[in-house]
Amino acid sequence: MSNPIKRALARLVIRMSDRLSSRPDKNAVFKSLSQLHDRILKGKKDSGLLVPFDLQQGRFIIFSDQHKGCRDAADDFKSAADNYIEALQHYYNHGYTLINLGDCEELWENKPSAVMQHNSPPLQAEARFLQKKRYYRIFGNHDLEWHYVVPRRQFLQPLFGKKLRVYEGLILQTQYNGNAHGIFLAHGHQGDKRSDGNAFSKWFVAAIWTPAQRLLDIHPDTLSESFDLVDAHNIIMYEWSVQLPRTLFISGHTHKPVFASLDHIDRLSKQLERAMADNDQTTIAALQTELRRRQEEYAGKQFVKTMAYPTYFNTGCCCFSDGDITGIEIADGFVRLIKWSAKNNTAANRSVLEEAPLYYLFDQLQP
């Protein structure tokens, strides 16, 4: 099939997906996230845990949206798998607690048994953290089956052991200036009608999207039409987070990194403005190259809305088509948006895209 025809068909499938899927509903998102947050604060451990940590000593790495598949043309994780395993080795060696923030496996497209079979190395790398009591797993919409005991026992426990639990959310809690401050974590599909308990969406992915993705070699993180929805959902989650007292919110789901309520392209653009004002030619060149590359991935993105308060973060994903993975680190009293890249069979390289001290962020929050 010629490339022009493939591109035209790919865009048609994407447009169908956007039109047939429901957009995130603000009221539903607000209600669902608020209920989850309240349940965890009230000690409902079937929903999630309240995890205390020391502001300066706590170490967490938060990854989401691996979408581990079966190593076929529809597997968005396969190009990032080695990069992901190397990153996990680094965090294991440096004493981090791993938080998997949902959509770890792609169970809308694949049977759990097949995903387990094709992903033994990354799953074993994750399981090592649990053996050291340094692991939390959250379910998302594409791995919702792990919320239920029977499939979890059948497919996950053989690798992770009987101590594995899977939650809907998590609150990391620390003390600052004599008050408790929280970092709330959830996958982010809550209240999104195309993802939250939508049987039609699951059928569409399995019956239409996946065969088309294999045939047409579609990689959703490089196509334009999906990113207006991504921005809309990130903005809704940001707006919800602003109202929480003394709390930051970290989600996944949208596959688009957001740091302190600034999305990836916003952040690069603002850094470029600073570098140009300082006439820092080396930094200007590096930022222009990175900005062009990310703009190609987010081609067709029609608006960027700066989010004024530093309350919202998004991990991005571990299935970018170029093999990069992004995540959020909490360590040394800082929050960091990080990227791991591995090109041309070289070792994976960690870079800090943005960082901010927790005390600074907490000072900006509602009392």
Side-chain angles (χ1 to χ4, degrees), residues 17 20-25 28-29 31-37 39-40 44-49 62-70 74-77 98-119 122-123 126 130 135-160 164-170 184-210 213 220 229-230 233 237 250-255 314-315 317-319:
S17 175
L20 293 173
S21 299
S22 299
R23 292 175 179 268
D25 179 82
V29 172
K31 180 180 179 180
S32 186
L33 287 173
S34 294
Q35 289 176 341
L36 174 60
H37 185 258
R39 289 198 304 269
I40 297 173
K44 306 293 185 182
K45 293 184 179 180
D46 56 333
S47 295
L49 299 179
I62 306 161
F63 284 131
S64 77
D65 293 271
Q66 292 86 5
H67 289 272
K68 301 184 192 79
C70 293
D75 185 356
D76 296 322
F77 178 66
L98 170 62
I99 300 174
N100 269 349
L101 200 56
D103 285 3
C104 306
E105 287 75 45
E106 179 48 73
L107 303 183
W108 283 16
E109 300 179 5
N110 308 287
K111 294 180 179 179
S113 58
V115 173
M116 298 299 105
Q117 176 185 346
H118 286 90
N119 288 280
L123 288 166
E126 293 170 1
L130 181 60
Y135 184 70
Y136 298 97
R137 181 180 268 249
I138 310 298
F139 67 81
N141 50 305
H142 283 256
D143 57 2
L144 180 62
E145 290 181 53
W146 302 146
H147 182 49
Y148 302 104
V149 172
V150 172
R152 193 165 67 236
R153 286 179 176 173
Q154 183 177 357
F155 299 110
L156 288 180
Q157 280 194 4
L159 274 172
F160 285 88
L164 178 69
R165 300 290 183 270
V166 182
Y167 303 101
E168 187 176 358
L170 202 68
F184 175 51
L185 298 99
H187 178 64
H189 66 288
Q190 290 81 4
D192 180 0
K193 292 183 179 180
R194 73 173 174 179
S195 301
D196 193 2
N198 189 329
F200 175 77
S201 289
K202 186 172 182 179
W203 170 84
F204 182 86
V205 168
I208 305 298
W209 171 264
T210 302
Q213 189 178 10
L229 290 175
V230 166
H233 199 164
M237 290 192 285
I250 301 176
S251 78
H253 186 56
T254 69
H255 292 203
N314 193 295
T315 60
C317 70
C318 295
C319 58

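Note that these values count all heavy atoms, side chains included, but never hydrogens, waters or copies made by symmetry.
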* Within a strict 4.5 Å, meaning less than it, do heavy atoms of the H233 and V29 side chains meet? -> yes
* Go through the side-chain N and O atoms of R137 and Y135 and say whether any donor and acceptor fall under 3.5 Å apart. => yes
* **Considering all heavy atoms, the nearest Q190-L33 contact** => OE1-CD2, 3.9 Å
* To do: Spell out, as yes or no, whether a donor-acceptor pair under 3.5 Å connects the side chain of D65 to the backbone of C318.
  => no
* **Backbone N/O of H147 and side chain of R152: donor-acceptor pair under 3.5 Å** => yes
* To do: Decide yes or no for Y136 and L185: does some side-chain heavy atom of the first lie under 4.5 Å from some side-chain heavy atom of the second?
  => no
* To do: Please name the pair of heavy atoms, one in S47 and one in Y167, separated by the smallest distance, quoted to 0.1 Å.
  => O-CB, 3.7 Å
* Structure fact -> Between M237 and S251 the two heavy atoms that sit nearest each other are CE-OG, 3.4 Å
* Please examine the side chains of H255 and C319, heavy atoms only from C-beta on, and report whether any two atoms are closer than 4.5 Å. => yes
* Do the non-hydrogen side-chain atoms of L107 and L144 ever get within less than 4.5 Å of each other? -> no
* To do: Go through N100 and E126 one step at a time and tell me if the side-chain hydrogen bond (donor to acceptor under 3.5 Å, both in side chains) criterion holds.
  => CA-CA 9 Å; N100 269 349; E126 293 170 1; 3.3 Å; yes
* Does the side chain of F77 come within less than 4.5 Å of P122's, by heavy atoms? -> yes
* Structure fact -> In this structure, CZ of R165 is separated from CG of L49 (nearest 0.5 Å) by 10.0 Å
* Structure fact -> The reported gap from CD1 in I62 to OG1 in T315 (rounded to nearest 0.5 angstrom) is 8.0 Å
* To do: May I ask you to test the W108-N141 pair for a side-chain heavy-atom distance under 4.5 Å?
  => yes
* Is the number of heavy atoms from other residues, nucleotides or ligands under 6.0 Å of F160 CZ greater than 12? -> yes
* Once you round to the nearest 0.5 Å, how far does CD of Q154 lie from CD of E145? -> 10.0 Å
* Asked: Any side-chain heavy atom of D75 within less than 4.5 Å of one from H118?
  -> no
* Does S64 reach the side chain of D103, with side-chain heavy atoms less than 4.5 Å apart? -> no
* **Residue pair L123, K68: steps toward the side chain to side chain contact (heavy atoms under 4.5 Å, CB included) verdict** => CA-CA 10 Å; L123 288 166; K68 301 184 192 79; 4.2 Å; yes
* From OG1 (T254) to CG (N314), nearest 0.5 Å -> 3.5 Å
* Applying side chain to side chain contact (heavy atoms under 4.5 Å, CB included), run through L36 and F184 and close with a yes or a no. => CA-CA 10 Å; L36 174 60; F184 175 51; 3.9 Å; yes
* To do: Hey, could you give me the NZ/SG distance between K111 and C70, rounded to the nearest 0.5 Å?
  => 10.5 Å
* To do: Kindly say whether V115 contributes a backbone atom to a donor-acceptor pair with the side chain of Q117 at under 3.5 angstrom?
  => no
* Asked: Only one of H142, H67, H187 forms a ring pair (Phe, Tyr, Trp, His ring centres under 6.0 Å) with H253, so which one is it?
  -> H187
* Under 3.5 Å donor-acceptor, D143 side chain and W146 backbone -> no
* Asked: Could you give the distance from CG (L130) to CG (L159), rounded to the nearest 0.5 Å?
  -> 11.0 Å
